[in-house]
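Order of the sequence lines sets the chain letters (A, B, ...), proteins ahead of strands, with each chain counted from 1.
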There are 2 protein chains.
Amino acid sequence: MSEATLKKPHHHGNLREALVLAGLQLLEEGGPEALTLRRCAALAGVSHAAPAHHFDGLPGLRKAIADEGFRRFRNYMVDAEVLGEQTDRGRLKSITRGYLNFARDNRALFLLIFGYDLTGSRDSHADAGHFAYDPLRRCCAPFVPKGVAPEVIEAQVWSLAHGFASLYLAGRFWSSASDGLFDAVMTLLDGVGATAGVGTAGLGTAGLGKGGETA
Amino acid sequence: MSEATLKKPHHHGNLREALVLAGLQLLEEGGPEALTLRRCAALAGVSHAAPAHHFDGLPGLRKAIADEGFRRFRNYMVDAEVLGEQTDRGRLKSITRGYLNFARDNRALFLLIFGYDLTGSRDSHADAGHFAYDPLRRCCAPFVPKGVAPEVIEAQVWSLAHGFASLYLAGRFWSSASDGLFDAVMTLLDGVGATAGVGTAGLGTAGLGKGGETA
DNA sequence: TGGGCAACTTGACACTGTAAAGATCAACTC
DNA sequence: GAGTTGATCTTTACAGTGTCAAGTTGCCCA
C-alpha cells in the first residue's frame with residue numbers, strides 16, 4: 001500500500017523526470033558522450049526504447065535535460081548575486097562569477113545547454129534560456145546609458161562571461177589557477193556603459209538590427 | 001603511364017590529406033554530426049577502416065581536421081587585419097571581426113576546433129591553437145599597460161570575441177542582423193588597457209596565477 | 001464488463017567506431 | 001634477381017547506438 005514500487009509496476013509513474021535525472025547523472029559521471037538513450041533507460045530501469053517514446057528521440061531528451069540545466073544555471077547566478085557585494089557593480093560581477101562557477105561545476109551540462117542552434121526556433125527551449133538570463137539582464141539594467149538598447153550592454157557582459165567560461169572549459173587558459181585571471185578579465189566590465197565608444201559608435205536601438213539596416 | 005590513377009592503385013598516395021579534406025567537406029555540408037570515419041572513407045574512395053589506420057581512430061581524425069581548421073582560422077584573422085583600418089585599435093577590432101566571420105562561415109569547423117578539452121595535454125593540438133592566436137596576441141600588445149601581464153589583455157579580447165561568436169552560433173542573439181550588435185558589443189574594447197579598473201584591481205603578473213596565490 | 005488508450009516492451013534494422021587478420025605493393029637487402 | 005620486410009589498405013566481425021513497427025500491459029472510464 002505504501003507508494004513504494006514493491007513489484008516494479010509497468011507504469012513507472014513519472015518516468016519522464018526519472019530519465020532526465022538519469023541523463024544528468026550520466027553527463028556528470030561520463031561527460032557529454034555518456035548521454036545515451038539506452039543508458040538512460042538502463043539507469044531508470046526501463047526498456048531501451050522507452051525514452052524515445054517520452055521525448056520523441058534523443059534531441060528531445062537533450063532538450064528536456066537542457067531545460068533543467070538552465071534552471072540550475074539560473075540558480076547558480078542568483079545565488080552568487082545574493083552572496084556577493086550588494087552594489088550595482090558588485091552584483092554584476094557576482095553574476096559573472098556564478099556563470100563561471102556553473103560552467104566549472106557542470107562542464108558537460110554547460111556544453112549541452114549551449115550546444116544547440118536555436119536560430120529560427122521559438123520553442124520552449126528558447127524560453128528556458130530566456131528565463132535563465134533574467135538575473136543577468138536585471139543586473140545589467142543599471143549600466144544601460146540613455147539612448148542605448150539594453151541588449152547591447154547585456155550582450156557585452158554576456159559575451160565576456162560566456163567567452164571566458166567556454167575558453168576555460170576548453171582548457172585554453174594555461175594552468176588551473178585561473179581565478180586571478182578571471183577577476184582580471186572582468187575588470188573590463190568596469191567600463192561597461194561608460195566607455196567612450198558606447199556613445200560614439202552610433203548604436204541606438206537600431207544597433208540591434210531591428211531597424212532598417214538589413215546589410 | 002600518366003600519373004593519373006587509371007586503375008586506382010592500392011596505395012592511395014596521400015590518403016591522409018584526402019581524408020582531412022573529405023572531413024572538412026562533410027562538416028561544411030552536413031554539420032558536426034556528418035563527420036564520420038566511414039563517410040570520410042567513402043568520400044575518399046577507400047575502405048571504411050582505412051581512416052582509423054591513419055589517424056588512430058575518430059579523435060585522431062578530428063584533431064587532424066582541427067589543426068587544418070586552426071590554420072584557416074588564423075588566415076581569417078590575418079586577412080581581416082590586413083584589410084582593416086591600420087591603427088592599433090583598428091587592427092584589434094579587425095581581428096575580432098575576422099574571428100566572428102570565421103565562426104559564421106565555418107560553423108561546424110569552429111565548433112569542432114573548440115570542442116576539445118586540452119587541459120593537461122601538451123600535444124600538437126595546443127600548438128596549433130597557440131599558432132592560430134598569434135595575430136590576436138600581436139594586436140593586443142599595444143594595449144598592455146605597464147605592470148599588467150599580456151595574457152590578461154589577450155584574455156579580455158579573446159573572451160569577448162569568442163563569447164560573442166559562440167552565442168551568435170548558438171542563435172542566442174535574436175535576429176539575423178547582428179552586425180550592428182557586434183560592433184556595439186566591441187565598443188567595450190575601446191576601454192581595453194585603459195579601463196579604470198585595470199590599474200586598481202591589483203593585477204600584475206600575479207593575476208595569472210603564476211605567482212603565489214594558489215587559492 | 002468491456003472498450004479505449006497511454007505507457008511501456010520486444011524485435012528488428014541501419015549505422016557507427018573499433019579490432020583482428022588478411023591482402024597488396026613498394027623498397028630494401030643479400 | 002630472389003627473398004624479406006614493413007607500411008598501406010581491405011575484409012570480416014562485433015558491440016553499441018538511434019529509430020521504427022508491432023505487440024503487450026494495465027489503468028481509467030463509461
Side-chain angles (χ1 to χ4, degrees), chain A residues 1-27 29-66 108 111-112 115-117, chain B residues 1-23 25-27 29-66 108 111-112 115-116:
Chain A
M1 284 307 155
S2 68
E3 74 271 342
T5 62
L6 290 175
K7 246 192 144 188
K8 180 179 165 183
H10 258 196
H11 286 49
H12 181 286
N14 54 354
L15 180 54
R16 209 187 149 83
E17 187 180 350
L19 287 170
V20 169
L21 290 177
L24 287 166
Q25 181 180 341
L26 286 172
L27 281 177
E29 292 174 355
E33 317 288 288
L35 179 60
T36 282
L37 282 179
R38 292 172 113 104
R39 273 206 266 251
C40 270
L43 205 58
V46 291
S47 80
H48 71 265
H53 178 263
H54 275 273
F55 299 103
D56 194 34
L58 182 59
L61 174 60
R62 290 166 54 91
K63 191 164 83 164
I65 293 177
L111 295 176
L112 174 69
Y116 288 101
D117 175 24
Chain B
M1 283 308 157
S2 66
E3 74 272 343
T5 63
L6 291 174
K7 251 192 139 186
K8 182 180 166 181
H10 260 196
H11 285 52
H12 179 287
N14 54 354
L15 180 56
R16 206 186 151 83
E17 189 180 349
L19 287 170
V20 169
L21 290 177
Q25 182 181 339
L26 286 173
L27 281 177
E29 293 175 354
E33 317 287 290
L35 178 60
T36 281
L37 281 179
R38 292 171 113 106
R39 272 205 267 249
C40 269
L43 205 58
V46 292
S47 80
H48 72 265
H53 177 262
H54 275 272
F55 299 103
D56 194 33
L58 182 60
L61 173 63
R62 289 166 56 91
K63 190 164 83 166
I65 293 176
L111 294 176
L112 173 69
Y116 288 103

Integer-rounded Å distance: D:dA7 P and B:N14 CG: 19 Å

Whole-Å gap separating P (C:dC8) and CZ (A:F55): 11 Å

base_contact_polar (D:dT11 base, B:H48 side chain, donor-acceptor, <3.5 Å): no

Reported CG-to-CG distance for the pair A:L35 and A:L26, which is rounded to 0.5 angstrom: 6.5 Å

Under 4.0 angstrom between A:H54 side-chain N/O and C:dC8 OP1 or OP2: yes

Touch class at under 4.0 angstrom, heavy-atom based, for A:A49 against every strand present: base

Interatomic distance, B:K63 NZ vs C:dG17 C1' [rounded to whole Å]: 18 Å

Rounded distance in Å - CD (A:E17) to C1' (C:dA7): 17 Å

From A:L27 atom CG to A:E33 atom CD, the distance as rounded to the nearest 0.5 Å: 10.5 Å

First of B:R38 and B:R16 reached from the 5' end of DNA chain D, by closest nucleotide: B:R16

Selection from D:dT10, C:dT16, C:dT18 that lies nearest to any side-chain heavy atom of B:S47: D:dT10

Protein-nucleotide distance (B:L35, atom CG; C:dG17, atom P), rounded to Å: 8 Å

A:R39 side-chain N/O to D:dT17 phosphate OP1/OP2 under 4.0 Å: yes

Gap between atoms CG and C1', on B:L58 and C:dA19 respectively (whole Å): 15 Å

Worked check of side-chain contact (heavy atoms from CB on, under 4.5 Å) between B:F55 and B:L37: CA-CA 10 Å; B:F55 299 103; B:L37 281 179; 5.8 Å; no

Nearest-Å distance for atom pair CD/C1', residues A:E33 and D:dT17: 12 Å

Residue of the set A:L19, A:L15, A:T36 for which side-chain contact (heavy atoms from CB on, under 4.5 Å) holds with A:P51: A:L19

B:R16 to B:A64 - nearest heavy-atom pair and separation: NH2-CB, 4.5 Å

Proximal nucleotide (of C:dT18, C:dT16, D:dT19) relative to the B:P59 side chain: C:dT18

Value in whole Å for how far the P atom of C:dA20 lies from NE2 of B:H53: 13 Å

